[in-house]
Trainee: 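Dumping the structure here so I can ask a few things about it.
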Amino acid sequence: MKVFKFGGASVNSVERIRNLASIVTQNTGQPLVIIISAMGKTTNALEKVVAAFHAGRKEEALALFEQIKNQHLTTSKYLLVTRFNECLARLTDLFTEVEWLLHDKPVREFDYYYDQVVCIGELLSTCIVSSYLTETGIPNEWLDVRDLLRTDNNFRDAGIDWEISSARILQKLSSVISHPSSIFLTQGFIGATEDNESTTLGREGSDYTAAVFANILDAESLSIWKDVEGVMNADPRLFPDAQLISELSYTEVIEMAFYGAQVIHPKTIKPLQNKQIPLLVKCFLDPSLPGTLIHTRNDKHLPPIIIIKNNQVILHLHSRDFSFVGDEPMRSLYELFSLHKVRPNLIQTGAIGLQVCLDDHPEKIGMLAATASNIFDVQVEKQLSLLTIRHYTEEIVNRLCEGKNKVLVQETKDTLQIVYY
Ligand code: ASP
Ligand code: MG
């Protein structure tokens, strides 16, 4: 059996959904599990709904939600004929679920409401796609992934309970073995707690869901369908000479994701590597292109891989009384990172001070800087960028550093990182 994952861009219009169906048609004859994200920018739009709701602006929240409803209704209307009414009934049920909630007063924490509202994006998109596949003669079973993926209640970044999820997925999908042409369709990015409260797995988490399914089902492969040719060595919008990498190791991809390459969600690789399941990054705009194959291999002759993260800050932390930055302050600092849910992109330590480079989420950084000032003298430097080059050469470093003001440089044998403005 194979697992396919289609992202938001592959379902954001009538044409794209038709295109998805044609890709599925070309791959029938084998059991298939299809994981789908919310359409286009729906998740961003839903985030605005929750923000308005939680800030007490109920009318605004409802008006914003109305726009999301209309987009989904319009797509369904243009896409579906015989299955329109059936789909409409299901969408209406989902809309009502959210509207009920929006009519309440927020009494719980923001992250809880975030997950109850935002999860609807994937439920809507999968209902529409499922109806369309059925209408075009591709029988499929729509599954509510919240009945299968059990998570903890760490809302917005929920952790999966592998034992319960595996048992449920295997029980539900065991029929696949006996029906070689069965197609299951379900949502990425979402799950549910033991109390049946919806959860989400972190932004862009659908890749991860697909990898979890592939792992549990011992899939032959996972294909992630994207709007790019495959994995490139740099962002082609910034580097017109970016090149496609046709084969990569799990290790290289996990490193790339860690440094901020927006190829694949960082959590995706582990479930695949653990069972040696190959990952294909394919282009839904032209399925005949070979894409990128990610599996166990020794990477040879990789080109320099360039990753740029903008919107960085550096916290300059200095001990107050000229004492060494020893175990105790370091331990407290790591506790603060976990308390504020931030992950440093780079840390440079010295005798009486250290520098920490982080993504700039202004509220989080503000709070982190404030609490860190109980231990250190703190200075915050903003509007920086972080350049990472894997497999760097002197030539590429010179080319990319020209005219930049370096704030911090770190290098290992494989990786060079520069914070600059
Ligand atoms: N729809 C979610 C997001 O936009 C999950 C995903 O696309 O993977 O973050
Ligand atoms: Mg997405």
Side-chain angles (χ1 to χ4, degrees), residues 3-13 16-17 20 33-51 64-65 67-69 71-72 75 91 94 97-98 110-111 113-130 142-146 148-149 151 154-160 185-192 198-215 222-228 231 253 256-257 260-272 279-284 341 343 359 361:
V3 179
F4 279 7
K5 182 259 173 177
F6 290 95
S10 64
V11 287
N12 71 354
S13 67
R16 292 272 168 98
I17 298 174
L20 179 156
V33 174
I34 305 174
I35 310 289
I36 299 184
S37 302
M39 287 165 60
K41 301 271 174 253
T42 305
T43 306
N44 294 355
L46 287 164
E47 284 185 337
K48 296 203 174 98
V49 173
V50 197
L64 288 169
F65 189 60
Q67 290 174 13
I68 298 171
K69 281 167 62 176
Q71 279 158 6
H72 287 84
T75 304
L91 298 184
L94 292 167
E97 242 179 73
V98 173
F110 179 83
D111 290 356
Y113 288 109
Y114 180 101
D115 283 3
Q116 309 320 301
V117 173
V118 166
C119 73
I120 220 79
E122 270 67 14
L123 292 161
L124 296 171
S125 67
T126 47
C127 278
I128 297 174
V129 173
S130 172
W142 180 92
L143 302 170
D144 187 332
V145 81
R146 295 173 301 177
L148 302 173
L149 272 193
T151 71
N154 186 20
F155 296 108
R156 288 184 78 178
D157 190 20
I160 288 177
L185 196 133
T186 196
Q187 306 78 36
F189 175 57
I190 71 176
S198 303
T199 52
T200 64
L201 309 176
R203 285 301 308 263
E204 304 301 329
S206 297
D207 290 350
Y208 179 49
T209 305
V212 170
F213 272 81
N215 174 298
L222 164 61
S223 303
I224 294 187
W225 295 88
K226 293 172 78 84
D227 56 358
V228 291
V231 179
V253 175
M256 289 171 70
Q262 312 234 300
V263 251
I264 284 148
H265 191 284
K267 287 200 267 185
T268 312
I269 298 300
K270 183 181 183 311
L272 301 175
L279 167 60
L280 287 142
V281 180
K282 293 275 290 174
C283 181
F284 64 73
K341 296 188 181 174
R343 190 182 63 91
D359 294 345
H361 302 293

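First listed ligand is number 1; within each ligand, the first listed atom is number 1. As the structure is a computational prediction, the values presented were derived from the model and not from experiment.
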Trainee: Determine whether the side chain, the backbone, both or neither of His265 has a heavy atom under 4.0 Å from any heavy atom of ligand 1.
Mentor: neither

Trainee: What I want to know is whether Arg203 and ligand 1 share at least one N or O pair that is separated by under 3.5 angstrom.
Mentor: yes

Trainee: Assess the residue pair His361 and Lys341 against the criterion (side chain to side chain contact (heavy atoms under 4.5 Å, CB included)); give the C-alpha distance rounded to whole Å, side-chain angles, the decisive distance to 0.1 Å, and a yes or no.
Mentor: CA-CA 11 Å; His361 302 293; Lys341 296 188 181 174; over 6 Å; no

Trainee: Could you tell me, atom by atom, which parts of ligand 1 come under 4.0 Å of a heavy atom of Ser37?
Mentor: 6 (C), 7 (O), 8 (O)

Trainee: Measure the spacing between OG1 of Thr42 and CD of Glu122 and express it to the nearest 0.5 Å.
Mentor: 8.0 Å

Trainee: With only distance considered, is Asp207 within less than 3.5 Å of ligand 1 through an N or O on each side?
Mentor: no

Trainee: If you measure from each heavy atom of Glu122 to ligand 1, is any distance below 4.0 Å?
Mentor: yes

Trainee: Answer with yes or no whether Gly121 contacts ligand 1, where contact means a heavy atom under 4.0 Å from a ligand atom.
Mentor: no

Trainee: List ligand 1 atoms under 4.0 Å from Phe189, heavy atoms only on the residue side.
Mentor: 2 (C), 5 (C)

Trainee: Test side chain to side chain donor-acceptor pair (under 3.5 Å) on Thr200 and Asp115 and set out the steps.
Mentor: CA-CA 6 Å; Thr200 64; Asp115 283 3; 2.7 Å; yes

Trainee: Show which atoms of ligand 1 fall inside a sub-4.0 Å distance from at least one heavy-atom site of Thr43.
Mentor: 1 (N), 2 (C), 3 (C), 4 (O)

Trainee: Are side-chain heavy atoms of Arg16 and Val11 found at a separation under 4.5 Å?
Mentor: no

Trainee: Pick out which of Asn154, Asp111, Thr151, Asp157 makes a side-chain hydrogen bond (donor to acceptor under 3.5 Å, both in side chains) with Thr199.
Mentor: Thr151

Trainee: May I ask you to decide if His265's main-chain N or O and Asp207's side chain share a donor-acceptor pair within less than 3.5 Å?
Mentor: yes

